[in-house]
Amino acid sequence: MAASFDPVREDLFTFGLWTVGNPGRDPFGDAVRPVQDPNHLVRKLAEIGAYGVNLHDNDLVPFGASASEQARIVGEFKKTLADTGMKVPMATTNLFTHPVFKDGAFTSNDPKVRAFALQKTMRAMDLGAELGAKIFVFWGGREGCEADACRDPRTAWQRMRESMDFLCGYAKDQDYGMRFALEAKPNEPRGDLYLPTTGHMLHFISTLEHHEMVGVNPEVAHEVMAGLSFAHNVAQAMACDKLFHIDLNGQKIGRYDQDLRFGSEDQKGAFLLVRLLEGTLGGKRYEGPRHFDAHAYRSEDEAGVWEFAKGCMRTYKILHARAKAFDQDAEVRQLIAEQKDAALDPLLAGGFSRQKADALKAASIDVDAAAKRGLGYERLDQLLVEHLLGVRS
Ligand code: GLT
Ligand code: MN
Ligand code: MN
C-alpha cells in the first residue's frame with residue numbers, strides 16, 4: 001500500500017497565525033487577501049491535520065486593546081482551541097511593527113523604548129502562559145542599524161544580554177516553565193541585524209545567566225540568506241541540546257527573506273534537514289514542534305493558502321519517507337559505514353594523555369595510501385539524488 005502523506009496530529013506540525021493569516025502585503029504592494037479571524041484560522045488548521053498554532057501577542061490581541069477587549073478575545077480563542085483540540089506550543093512578542101521600535105526594542109538607545117519592550121514582552125509571556133505555551137521565541141527584527149555609528153555594537157550586545165537575563169528571571173519568578181528560543185537573521189528589515197546567525201546565538205546563550213533555559217529557533221530562510229548550510233547550523237544546535245524550536249520554510253540564496261512553502265526550493269537542503277531532524281541517519285531525533293514560518297504566494301486567494309499549508313506538511317512527510325529509504329539502502333550504508341582501525345581508534349578517543357600523545361607521535365601511518373583512496377562520494381551523492389527523485393526505494 002502506498003504511504004499516506006496526509007498530516008496527522010502526531011506529526012506535530014504547527015503554523016503561526018501570521019503565516020496562514022498573511023494578507024500578502026509587501027514593500028511594493030498592498031494586501032491581496034483579507035485579514036482573517038484567528039478563530040477561523042485555527043479551525044481550518046485543525047481540519048487539515050495541524051497540531052497547533054503559534055502567535056505574537058498582536059496576532060491575537062490588537063496593539064492598545066483594553067483589558068476587557070483582551071479578555072473577550074482570549075476567552076473566545078481559548079474556546080476555539082478547546083473545541084478543536086489545537087495547542088499553542090509557542091508564543092512570541094511583536095517588537096517590530098509599531099513605529100516606536102524603528103531603532104530597536106531591547107537595544108534601542110532610548111530607555112523608554114527599552115522599558116516598553118520589556119513591559120510588552122512580559123505581557124506577551126503572560127498571554128503565552130495563559131494559552132499553554134512552553135516555548136517563547138525572540139526574533140529581534142529591529143535590533144540592528146543602518147547608521148552604524150549610532151551605538152557601540154558592544155552596547156547593543158550588552159543590552160540584549162541584560163534583557164534576556166531579566167526576562168528569564170521573570171519567567172522563573174512566575175513559574176511559567178517556559179524556555180526561550182532565539183531566532184537569528186542577518187539583515188532585513190535592518191541593514192544589519194545584531195546576532196546575525198544561529199552560531200552567533202549559540203555563543204551569546206553561553207554568556208547568559210540562565211543559559212540552561214535558552215536555546216535557538218533557527219529559520220531555513222535566514223541561514224540561507226547568509227549563505228550558510230541550514231542543516232549544519234541545526235546540527236550544531238542539536239549537538240549541544242539547544243534546538244528548542246525550528247522555523248521551516250523555503251528560500252532562494254541571495255534574495256530577500258522569501259518565507260516560501262517548505263521544500264519548494266533547494267530540495268536537497270530540505271531532504272538533509274528532514275533526515276537530520278527525524279534521525280533517520282541515526283542519533284537523536286528532534287522532538288519539538290515542526291513549525292512552518294512561511295506564507296502563500298501573493299498570487300493566491302484563501303484556497304491557495306490552504307494548498308500552501310497542506311503542501312508544507314506533505315512535502316515534509318514525503319522527504320521523511322525518502323530519507324528513511326535512503327538511510328536503509330544497503331549500498332548507502334556500506335558507503336558511509338564507520339571505518340575501523342584497531343590500532344589507532346583507542347588513541348583517538350577519550351581525550352588527551354601523555355601516553356597517547358607519545359603513541360600518536362610514534363605511529364606509522366601510510367599517508368600515501370590514505371591520500372590515494374577514492375571515497376565513493378560521487379556514487380553516494382547520486383544515490384541521494386535518486387532517492388530524492390523517487391526512482392530508488
Ligand atoms: C516575522 C519573522 C519571522 C519570525 C516571526 C516571529 S515574525 O514573520 O519574519 O521570521 O519568526 O517573531
Ligand atoms: Mn521565523
Ligand atoms: Mn523569514
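Computation of the quantities below employed the complete heavy-atom set of this structure, encompassing side-chain atoms and omitting hydrogens, waters and symmetry-equivalent molecules.
Between the side chains of Thr280 and Asp327, at least one donor-acceptor pair of N or O atoms lies under 3.5 Å. For the residue pair Asn22 and Arg298, no side-chain donor N or O sits within less than 3.5 Å of a side-chain acceptor on the partner. In this model, a donor atom of one side chain and an acceptor atom of the other lie less than 3.5 Å apart for Asn249 and Asp259. At a cut-off of 3.5 Å, with distance as the only test, a side-chain donor of Asn54 or Thr14 sits close to an acceptor on the other residue. Using a 3.5 Å distance cut-off with no hydrogens or angles, the side chains of Arg151 and Tyr194 do pair a donor with an acceptor. Side chain to side chain, Asp83 and Thr80 fail the donor-acceptor criterion of an N or O pair below 3.5 Å. A side-chain donor from one of His245 and Asn217 sits under 3.5 Å from a side-chain acceptor of the other.
Aromatic rings of His291 and Trp18 (six-membered ring for Trp) have centroids within the 6.0 Å cut-off, being under it.
Cluster annotation: Phe63 and Met125 are assigned to the same hydrophobic cluster (Ile/Leu/Val/Met/Phe/Trp/Tyr, side-chain heavy-atom contacts under 4.5 Å, transitive). There is a path of hydrophobic side-chain contacts, each under 4.5 Å, that joins Met178 to Leu95. Both Phe13 and Val88 are assigned to one and the same hydrophobic cluster, defined by single-linkage of ILVMFWY side chains at heavy-atom distances under 4.5 Å.
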Kindly list each side-chain donor-acceptor pair under 3.5 angstrom involving residues 385-393, sequence neighbours excluded, with atom names and distances?
{"residue": "Glu386", "atom": "OE2", "partner": "Gln382", "partner atom": "NE2", "Å": "2.8"}
{"residue": "His387", "atom": "ND1", "partner": "Arg392", "partner atom": "O", "Å": "3.2"}
{"residue": "His387", "atom": "NE2", "partner": "Asp329", "partner atom": "OD2", "Å": "2.8"}
{"residue": "Arg392", "atom": "NE", "partner": "Asp329", "partner atom": "OD2", "Å": "2.6"}
{"residue": "Arg392", "atom": "NH2", "partner": "Asp329", "partner atom": "OD1", "Å": "3.1"}
{"residue": "Arg392", "atom": "NH2", "partner": "Asp329", "partner atom": "OD2", "Å": "3.0"}
{"residue": "Arg392", "atom": "NH2", "partner": "Glu331", "partner atom": "OE1", "Å": "3.3"}

Pairs of donor and acceptor atoms involving the side chains of residues 126-133, under 3.5 Å and at least two apart or interchain, shall be tabulated with distances.
{"residue": "Asp126", "atom": "OD1", "partner": "Tyr170", "partner atom": "OH", "Å": "2.6"}
{"residue": "Asp126", "atom": "OD1", "partner": "Tyr176", "partner atom": "OH", "Å": "2.7"}
{"residue": "Asp126", "atom": "OD2", "partner": "Tyr170", "partner atom": "OH", "Å": "3.3"}
{"residue": "Glu130", "atom": "OE2", "partner": "Lys78", "partner atom": "NZ", "Å": "3.0"}

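Using the six-membered ring where Trp is involved, Phe204 and Trp157 have ring planes that are perpendicular, over 60° apart on the 30 and 60° scheme. Ring geometry for Phe136 versus Phe180: interplanar angle of 30 to 60°, hence tilted. Using cut-offs of 30° and 60° for the angle between ring planes, the Phe308 and Phe15 rings count as perpendicular.
Within 6.0 Å of the NZ atom in Lys79, the count of heavy atoms belonging to other residues, nucleotides or ligands does not exceed 12.
Annotation: ring-ring contact (aromatic ring centres under 6.0 Å, His included) contacts of Phe116 (sequence neighbours excluded): Phe101. Taking Leu380 as the reference, Phe326, Val332, Leu335, Ile336, Tyr377 meet the side chain to side chain contact (heavy atoms under 4.5 Å, CB included) condition, with sequence neighbours excluded. Residues forming a salt bridge (charged side-chain N to carboxylate O under 4.0 Å, His left out) with Glu69 (at least two apart in sequence, or on another chain): none.
Within the structure, salt bridge (Lys or Arg N to Asp or Glu O under 4.0 Å) contacts touching residues 39-65 (residues at least two apart or in different chains) are Lys44-Glu47, Asp57-Lys120.
Between Glu307 and Lys310, at least one side-chain nitrogen of the basic residue sits less than 4.0 Å from a carboxylate oxygen of the acidic one, meeting the salt-bridge criterion. Ionic pairing of Glu278 and Arg322 is not present here: no N-O contact between side-chain nitrogen and carboxylate oxygen is shorter than 4.0 angstrom.
To the nearest 0.5 Å, atoms OG1 (Thr92) and CZ (Phe138) are separated by 7.0 Å.
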